[in-house]
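Please read the structure below before turning to the comments.
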Amino acid sequence: MNLPLILLALPLISAAVILLVTRKQQSISALIGTASTAAMFVASLLFLAAKDGETTLLHWATVPGLDLTLGATVDQLSRGMMFVVTTIGLLVHIFSLAYMKDDAAKSRYFGNLSLFMFSMTGIVLADNFAMMFIFWELVGVSSYLLIGHWYTKNSAADAAKKAFCTNRVGDFGFMAGILLVWGLTGSITFSGIEAALPAVSTAYPALITAAVLCVFAGAAGKSAQAPLHVWLPDAMEGPTPVSALIHAATMVAAGVYMLVRVFFLVEASATAAEAISWIGGITALLAALMATQQDDIKKILAYSTLSQLGYMVMAVGLLAGEAAMFHLFTHAFFKALLFLGSGAIIYACHHEQNIWKMGGLWKKLPITAITFLIGTAALVAFPGTSGFWSKELILEAAYEKNNILFWIAVGTAFLTAFYMTRAFVVTFFGKARSENADHAKEVPMIMWLPLAILAVPAVIAGYKIFYGPASALHPTGHEFHLGPVFFASIGTLILGVGLGFALYAGRNTDRLSIPLFKRRFFLDEIYQGIIAVFHDGLATISDLLDELLVDGLISKGGGGLASGIGNTLRRLQSGNLQGYAFLFGAGVIALIYFTVFSV
Amino acid sequence: MSLNDYLIASGLLFAIGLSGVLIRKNVIVIFMCLELMLSAANLSLVAFSRFNLTDGLPNYSGQVLVFFIITVAAAEVAVGLAIIVALYRAKQTTSVDDLNSMKH
């Protein structure tokens, strides 16, 4: 049985059927999408037992020196990632059945979700850079479509465009990186590159560094690392289940997954690895700072996603690929849980997203509240939860390799504890601060069931027992021990939670107001300004060219020349018979002169 | 009288006719000058015929051609005058300055 092919074909067929056949039958479309994802989930369970290896599924284009194929790599990495993607994909589909119940464009929604599942599967399985790039772009498209699902809303349409354009910047670097790697090693398959790398990296160390940084630019775009992080918070304009699946658990982790897939490249250049770790650390810290001042529950979670992705990228840069993947794995579960939880809250509060208009939801939404608490505990690395083990591993890697980054990571952990406590306390405790929150009722079973299911791995995903065949995701040789790292993380946790409670328990308004954080360090404004300057400059230059070249030289010059010649020649057409006769005679004389005398 | 004298006379005639065609404004006069140019050509043909002797006899081809030209010119005059009359009826003028409808 060719499992990779099945995994790729299922969502593709589902997307095609939904978008081409059952477009009008919205409920059938929803069921088809969910059923295909359920089938994918089963296939991915079987896939967990698949043997390591590479299979070529399709020869796409073969030219001398380059064989473009669609292939599948089966290894611990792809098996584990496939499991994460399909598990969360299935739960998000089920959640969406209720969340999107009254949406007018359910077919489009589920069709695009299937398209996303297809693209993500392609990234996970890809055995060469070309295939990965194709599916990389495909997830970009499906993300664009899903962010802009409610495209009649201006903010959603703008957010979709912003996400697409920002990713374009990163993808340009990614493509340049792929071409550089191909040019250097002569291969685009991961195994081929790995085989050719040692010789190349001793010969051209600077070029390898450039290539790795270019490839990393792609990861920075997709995984929303500074300075390309600006699209992710805005992407929360999409439906909340989409935020959970794409903009928290899977797609944004694709950048980290890709870096771990080409980990041998990162290892080949110490300079690039250091740059990567710094960008990751800075993103983690900046995003955590911004999260402390957000009022929209989804925005808080979005910034925390940025911050956690920063941790993972930092771990990759510190050459702790396993720690990065481990955190990706646990983060996928608890962040999906938090996002779906926020979706349930938003649904219960009639699409209210501002935490200051919620409050007192603990009693009204008990199941949501408890599962949200579990997700929060995992995110703030409460000892015993999955997030604790994975974050501990990253902190340890930082502790060993880079002191400054370690303190940045610890600071981020403190901020994480603080802003999540703030969000939780404001949302669930106190008294209801708006009518919508006052009338909130527990969500239907089909919505809280995925929450309850996700709460399980959010706690136990850090333990070996959970993995089974995917045990490879569990870092090898990791033994937990009491040490400075543990005390630092426990200390920041207590400090952060304590400060959160002290500042926000029983409060109806925000006590802190730090405009710099609330306005995202003014980065959006700065980007807008920079783009405007370039845009205006370019426009001025092209306007000048238009006026001088097109209008002046071509239009006025060319046209003037033609009409000038025309005006001159027009005088010959006098209509005067004798004038014509004279010219005729002159012509004859000239003719005779030239033929008779000048031979 | 040598051939050159005849040719000079013929050339003068042709030049007078041509300048008449180019300068005069009355269509009928232009027409007459045209005939003058034709006669100039005839004169040179006859002159060439007369002076181009083979075995003491002139080359008669030139003279035969002259007769043809006179005949055709007669027909041409008939047609030309008819056109001028028709033109005068249509435009009430015989001045070429007023006959400039080709311009517009």
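Everything numeric in this text was worked out from a predicted model, so none of it was measured. Residue numbers begin at 1 in each chain, while the letters A, B, ... track the order of the sequences.
Considering only residues two or more places apart in sequence or on other chains, A:Leu538 meets the side chain to side chain contact (heavy atoms under 4.5 Å, CB included) condition with none of them. Take A:Ala156 and apply the side chain to side chain contact (heavy atoms under 4.5 Å, CB included) test, not counting sequence neighbours, and it matches A:Lys153, A:Glu237.
Between A:Ala130 and A:Ile188, the shortest heavy-atom distance links the atoms CB-CD1, 3.7 Å. Contact between A:Gly173 and A:Ala217 at its shortest, heavy atoms only, is CA-CB, 4.1 Å.
A:Tyr151 places a side-chain heavy atom less than 4.5 Å from the side chain of A:Arg108. Residues A:Asn167 and A:Lys222 form a side-chain contact, since some pair of their non-hydrogen atoms from C-beta on lies under 4.5 Å apart. At a threshold of 4.5 Å between non-hydrogen side-chain atoms, the residues A:Val230 and A:Thr166 count as touching.
Residues of residues 37-70 of chain B placed with any heavy atom under 4.5 Å of a heavy atom in chain A are absent; none qualify. Within residues 22-29 of chain B, the residues having any heavy atom closer than 4.5 Å to a heavy atom of chain A are B:Leu22, B:Ile23, B:Arg24, B:Lys25, listed by residue number.
Taking a 6.0 Å sphere around CD of A:Gln528, one finds it holds 12 or fewer heavy atoms contributed by other residues, nucleotides or ligands.
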Inset, instruction - Walk me through it: do A:Lys106 and A:Asp103 pass the test salt bridge (Lys or Arg N to Asp or Glu O under 4.0 Å)? - result: CA-CA 6 Å; A:Lys106 264 202 290 190; A:Asp103 198 86; over 6 Å; no
